[in-house]
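Atoms within each ligand, like the ligands themselves, are counted from 1 in listed order. FYI, the numbering just counts along the sequence from 1.
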Amino acid sequence: MKDIESREDLVILLERFYEKAMVDELIGHFFTEIAPLNLATHIPLIADFWETILFDKAQYRGNVMDVHQHLHQLSAFKAEHFARWVLLFQQTIDGLFSGEKAERAKQRGASIATVMQIKLLHPGIHKL
Ligand code: HEM
């Protein structure tokens with residue numbers, strides 16, 4: 001299996017990820033009902049995000065925390081939602097790619113999910 005080497009690889013990965021995520025019984029409704037995704041515009045945006053992370057290309061200019069803060073207000077995230085997101089993301093990568101970038105993508109996905117979860121589910125923690 002080859003590593004994630006290009007934006008085209010990221011698009012393949014993300015198409016497969018959203019195919020699974022959108023029909024997932026735990027988190028699918030976020031993508032289909034809470035904030036229905038238009039994959040034609042969403043995949044390029046998320047590919048920008050991952051290109052920024054994996055290939056040090058400054059493509060993504062959004063604010064990922066604000067977007068999920070807004071989603072959290074529409075329909076509260078729970079710990080199991082993040083766990084499922086991470087599992088699906090890691091399974092999708094493992095099904096398609098292997099190598100240094102594939103490992104980095106899995107690690108970064110998990111660590112961003114952890115930070116998101118702490119910020120959204122434990123907003124008072126910065127006061128500790
Ligand atoms: C419980 C887990 C998660 C769920 C259910 C979820 C769901 C969603 C949904 C529905 C959107 C579209 C929002 C909209 O267009 O209004 C979105 C956007 C996005 N998500 Fe997530 N997400 C989760 C975790 C993550 C994680 C861990 C990452 C990063 C590693 C991530 C990265 C992104 C990015 C980059 C966007 C686009 C933000 C923008 O519009 O600039 N998500 N997410």
Who's touching ligand 1 if we go heavy atoms under 4.0 Å?
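If the criterion is a heavy atom under 4.0 Å, then ligand 1 touches Phe30, Phe31, Ala35, Leu37, His42, Leu45, Ile46, Phe49, Trp50, Tyr60, Val64, Val67, His68, Leu71, Phe77, His81, Phe82, Trp85, Ile112, Ala113, Met116.
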Please verify the inter-ring angle class for His29 with His81; under 30° counts as parallel, over 60° as perpendicular, anything in between as tilted.
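His29 vs His81 ring planes: perpendicular.
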Would Val115 and Ile46 show up in the same hydrophobic cluster when neighbours are defined by side-chain heavy atoms closer than 4.5 Å?
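Shared cluster, yes.
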Assess the residue pair Lys101 and Asp9 against the criterion (salt bridge (Lys or Arg N to Asp or Glu O under 4.0 Å)); give the C-alpha distance rounded to whole Å, side-chain angles, the decisive distance to 0.1 Å, and a yes or no.
CA-CA 11 Å; Lys101 298 286 188 197; Asp9 290 342; over 6 Å; no
Can you check whether Trp50 and Phe89 have ring centres sitting under 6.0 Å from each other?
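Yes, ring centres under 6.0 Å apart.
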Is the shortest heavy-atom distance from the side chain of Lys106 to the side chain of Val86 under 4.5 Å?
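Result no, sub-4.5 Å side-chain heavy-atom pair not found.
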Less than 6.0 Å separating the ring centroids of His42 and Phe31?
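No, the ring of His42 stays outside the 6.0 Å limit from the ring of Phe31, centre to centre.
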